[in-house]
Structures are given as structure tokens and as C-alpha cells.
Amino acid sequence: MATVLSGTSGALYYKPAGTSGTFKAADVTIGSDSINVGTFLNFKPGDEVSIGTGTGGSPALPAGLTASCFIKDYNSTTGAATFSASAGGTILDLTDVGTDGSTPFTIAFKDFQAVANVRSWNFEVTRDEIDVTSIGGTLDQSAPFRTFISGFADGTGSAEVYFTDDDTGISARLIEDVTQRNQAGATFKLYMDAVVSAGTPDDAASRSISMEAVLTSASFSVTPDDAQAISINFRPTAAPTFDFAKS
């Protein structure tokens, strides 16, 4: 007999908006051990990021920079970022600017983070209806019915997040990201039944929906009898990935 899933094992994981960018060798400044990764992004000190070498030719990362590292500091006005091998560690010493390929180096927030203060989430998939009714059919006593086929798919989602006094957590960033101008990098992973192994979800044993998204609105309300919760609305920027198989 099949087991009916319960929302008690659901979870929402998130990568913040404004945490995806590119750079070239010319953006590396050896004297300050910094790289211009783009202005007005949303990187924070301590963010773990992945650095990609791009493609084409023989690209090589700047010497001293690693494919997995942490943001040490980021200036949103100038776009300059410095890096460390661990959260809060010393600045990585960059000794050359690297070698460009045909595509730029990439920088992106590395791993999904659990949004701990989520009350609920929902995601709805809809399909367009295309009317393909034709005229001139055979006469009958009954009125003819219209004929439809399915068209493009679309999705909308929302999450209700408790507002807490911790302004450093990922839930606070999710709420603030609604106003983030550059939302590149905002990615949701919605778990129906998160099976946790060694402190992180085991994707092979869990069912989930993941998507890059734009955050479209946040609804704030305060009442004296309820915990403060903010409703965040979002929609995918491309086709979501539905992983409903457990293997």
C-alpha cells in the first residue's frame, strides 16, 4: 500500500539572487588580490562560491584562486571582490591574472541553503488552452463543442516565511531579494519529502522541484496575535526540473 506524503518532511532550499556573474583576466588586479565580478550584485562575506574557467582555448584561473572558495569582501559599487579559502579566512594571494578562453570565467553561489523559517510553500503549473475548433462540421441535433489542445506551460510559486530578528540568515536574504535589481542566480529547490543524510538532503532519496526564478512580490502584514510572516511570490525563468523518482 502506498504511503501518503506529509508536509512535515517538506523543505525549501535557496540560492540568493544577484549571486551569478562573469569576469575576464583583465578584471583581475594582482596588487589588491581582487577581481571585478560585476557591480551591484548581492555577494556577502562568507558566501561559498564556485569559480568556473569558461570554455574554448586553454582557459586557466588566476593563480592563487581556487574553483571552490569564499567571498572575503565585496564592494557592490566597484564590483571588486576578494576571496578566502574558508569563511572569514585570510585573503587569497593572486599572483597572475589567468588565461581567458572564448567564454568568460564564471562565479556563482555554490550550494543550496536551507530556509529554516518557512511556514509553507506552493508551486502551480498551468497550461495554455489553444482553441482549434473548426466550422462547417456535420449538422446534428446537439450543439457542437469547441476543440482545444494544450499549449505552453507556465508556473507560479509562493512561500510563506516567518520574519525573525536574525537579519544574517538565508531567510532574511530571500525576503530582501525581492527588491534586488539583478536577480540572476536566484534558484529554488522545493522538497516534498526531504530525506536528510549527513546534514544535507539526499537527492537520490528525495522528491523535489528545482528552478531558477525571479522574485515578483513580497506581502508584509502585522497582527498582534500572530507571528509575523511574509508571503514571497516567484516564477521560473526556464523549465523547472521535476525529480519525483527515488532511486
Q: Among residues at least two apart in sequence or on other chains, which ones pass side-chain hydrogen bond (donor to acceptor under 3.5 Å, both in side chains) with Thr106?
A: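 Applying side-chain hydrogen bond (donor to acceptor under 3.5 Å, both in side chains) to Thr106 gives none.
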
Q: Does the Asp177 side chain pair with the main chain of Ala17, one donor and one acceptor, at a distance under 3.5 Å?
A: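 Here the side-chain-to-backbone pair exists.
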
Q: Quick one: side-chain hydrogen bond (donor to acceptor under 3.5 Å, both in side chains) partners of Ser142, sequence neighbours excluded?
A: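 Counting only residues at least two positions away or on another chain, Ser142 forms no side-chain hydrogen bond (donor to acceptor under 3.5 Å, both in side chains).
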
Q: Between Tyr74 and Val37, is there a side-chain heavy-atom distance shorter than 4.5 Å?
A: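 A side-chain contact exists here, since the closest heavy-atom pair is under 4.5 Å.
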
Q: Under 4.0 Å between a side-chain nitrogen and a carboxylate oxygen: does that hold for Asp154 and Arg235?
A: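 Salt bridge: yes.
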
Q: Would you find more than 12 non-hydrogen atoms of other residues, nucleotides or ligands less than 6.0 Å from Arg127 atom CZ?
A: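 Atom CZ in Arg127 is packed in, count exceeds 12.
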
Q: Are Val178 and Phe163 joined in one hydrophobic group, where the rule is that I, L, V, M, F, W and Y side chains link up if heavy atoms are under 4.5 Å apart?
A: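 Val178 and Phe163: one cluster.
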
Q: Nearest 0.5 angstrom please: Ile209 CD1 to Asp243 CG, how far?
A: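 It comes to 10.0 Å.
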
Q: Taking only residues two or more places apart in sequence or in another chain, which ones pass ring pair (Phe, Tyr, Trp, His ring centres under 6.0 Å) with Tyr191?
A: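 Tyr191: ring pair (Phe, Tyr, Trp, His ring centres under 6.0 Å) contacts with Tyr13.
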
Q: Out of curiosity, Ile130 CD1 to Thr147 OG1, how far, rounded to the nearest 0.5 Å?
A: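 Between atom CD1 of Ile130 and atom OG1 of Thr147 there are 13.0 Å.
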
Q: Do Leu65 and Phe83 come within less than 4.5 Å of each other through their side chains, counting heavy atoms only?
A: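 Yes, at least one pair of side-chain atoms sits under 4.5 Å.
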
Q: To the nearest 0.5 Å, how far apart are CG in Asp96 and OG1 in Thr99?
A: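 Reported to 0.5 Å precision, the distance equals 7.0 Å.
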
Q: Going by heavy atoms in the side chains, are Cys69 and Val49 under 4.5 Å from each other?
A: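 The answer is yes; the side chains approach within 4.5 Å.
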
Q: Do Thr168 and Lys44 have side chains that get closer than 4.5 Å, going by heavy atoms?
A: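 No, their side chains stay 4.5 Å or more apart.
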
Q: Keeping the roles fixed (side chain from Lys72, backbone from Gly89), state whether a donor-acceptor pair exists under 3.5 Å.
A: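 Checked: pair present.
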
Q: Between Ser206 and Val195, is there a donor-acceptor pair closer than 3.5 Å when you use the side chain of the first and the backbone of the second?
A: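 Yes; at least one donor-acceptor contact below 3.5 Å.
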
Q: For Asp202, is there any backbone N or O sitting under 3.5 Å from a side-chain donor or acceptor partner on Ser197?
A: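 Side chain of Ser197 to backbone of Asp202: no pair is present.
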
Q: Answer whether the closest heavy-atom distance between the side chains of Leu174 and Val161 falls below 4.5 Å.
A: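 Yes - at least one pair of side-chain heavy atoms lies under 4.5 Å apart.
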
Q: Consider side chain to side chain contact (heavy atoms under 4.5 Å, CB included). Of Leu94, Val97, Ile107, Thr29, which one does Ile35 pass it with?
A: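 Of the listed options, the one satisfying the test is Leu94.
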
Q: Do Phe242 and Tyr14 share a hydrophobic cluster (ILVMFWY, side-chain heavy atoms under 4.5 Å, transitive)?
A: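 Same cluster: Phe242 reaches Tyr14 through Ile, Leu, Val, Met, Phe, Trp or Tyr contacts under 4.5 Å.
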
Q: Applying salt bridge (charged side-chain N to carboxylate O under 4.0 Å, His left out) to Lys189 and Asp203, what does each step give before you reach the verdict?
A: CA-CA 11 Å; Lys189 196 153 195 175; Asp203 285 344; 2.8 Å; yes

Q: Please find the pair of heavy atoms, one from Phe70 and one from Glu48, that lie closest to each other, and give the distance.
A: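 Looking at all heavy atoms of both residues, the shortest contact is CE2-CB, 3.6 Å.
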
Q: Side chains of Thr39 and Thr77, heavy atoms from C-beta outward: is any pair under 4.5 Å?
A: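 A side-chain contact under 4.5 Å is absent here.
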
Q: Please determine whether side chain to side chain donor-acceptor pair (under 3.5 Å) holds for the pair Thr8 and Ser6, giving the CA-CA distance in whole Å, both sets of side-chain angles, and the decisive distance to 0.1 Å.
A: CA-CA 5 Å; Thr8 58; Ser6 167; 3.2 Å; yes

Q: Check whether any side-chain N or O of Lys246 sits under 3.5 Å from a backbone N or O of Ala205 as a donor-acceptor pair, and report yes or no.
A: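 At least one qualifying donor-acceptor pair exists.
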
Q: For residues 51-64, which side-chain N or O atoms pair as donor and acceptor with protein atoms under 3.5 Å away, sequence neighbours left out?
A:
{"from": "Thr55", "atom 1": "OG1", "to": "Thr103", "atom 2": "OG1", "distance (Å)": "3.0"}

Q: What's the spacing between Thr200 OG1 and Asp111 CG if we round to 0.5 Å?
A: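 Reported to 0.5 Å precision, the distance equals 9.0 Å.
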
Q: Using a 3.5 Å distance criterion without hydrogens, assess whether the side chain of Arg173 forms a donor-acceptor pair with backbone atoms of Asn42.
A: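 Present.
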
Q: Would you call the rings of Phe123 and Phe234 parallel, tilted or perpendicular, taking 30° and 60° as the class edges?
A: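 It falls in the parallel class, under 30°.
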
Q: Who pairs with Phe145 by ring pair (Phe, Tyr, Trp, His ring centres under 6.0 Å), at least two apart in sequence or on another chain?
A: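 With neighbours one apart ignored, the set is empty.
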
Q: In residues 214-224, what donor-acceptor pairs under 3.5 Å come from side-chain atoms, sequence neighbours left out?
A:
{"from": "Thr216", "atom 1": "OG1", "to": "Asn233", "atom 2": "O", "distance (Å)": "3.2"}
{"from": "Ser217", "atom 1": "OG", "to": "Asn233", "atom 2": "ND2", "distance (Å)": "2.7"}
{"from": "Thr223", "atom 1": "OG1", "to": "Asp226", "atom 2": "OD2", "distance (Å)": "3.1"}

Q: Once you round to the nearest 0.5 Å, how far does CG of Asn36 lie from CZ of Phe23?
A: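 It is 10.5 Å, given to the nearest 0.5 Å.
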
Q: Could you walk me through whether Asp166 and Thr164 pass side chain to side chain donor-acceptor pair (under 3.5 Å), step by step?
A: CA-CA 5 Å; Asp166 178 11; Thr164 73; 5.4 Å; no

Q: According to a hydrophobic-cluster definition based on side-chain heavy atoms being under 4.5 Å apart (Ile, Leu, Val, Met, Phe, Trp, Tyr only), do Val125 and Phe188 belong together?
A: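 Linked within one cluster.
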
Q: Do other residues, nucleotides or ligands put more than 12 heavy atoms under 6.0 Å from Glu160 CD?
A: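 Count over threshold, so yes.
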
Q: Just by distance, do the side chain of Thr187 and the backbone of Gly185 share a donor-acceptor pair under 3.5 Å?
A: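 Here the side-chain-to-backbone pair exists.
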
Q: Verify the cluster assignment for Ile232 and Tyr162: are they in a single hydrophobic cluster under the rule of side-chain heavy atoms below 4.5 Å apart?
A: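 Different clusters.
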
Q: Is a side-chain N or O of Asp100 found less than 3.5 angstrom from the main chain of Ala25, in a donor-acceptor match?
A: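 Here the side-chain-to-backbone pair exists.
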
Q: Are any non-hydrogen side-chain atoms of Leu190 and Met211 less than 4.5 angstrom apart?
A: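 Yes, side chains in contact.
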
Q: Backbone N or O of Arg207 within a donor-acceptor pair of the Asp193 side chain at under 3.5 Å?
A: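 A pair under 3.5 Å: yes.
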
Q: Compare all side-chain heavy atoms of Phe109 with those of Pro16 and state whether any distance is below 4.5 angstrom.
A: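 Yes; the side chains approach each other to less than 4.5 Å.
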
Q: If I take atom OG from residue Ser231 and atom CZ from residue Arg119, how far apart are they, to the nearest 0.5 angstrom?
A: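 Here the rounded value is 10.5 Å.
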
Q: For the hydrophobic clusters of this structure (ILVMFWY residues joined by side-chain heavy atoms under 4.5 Å, transitively), does one cluster hold both Met192 and Val118?
A: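 In one cluster: yes.
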
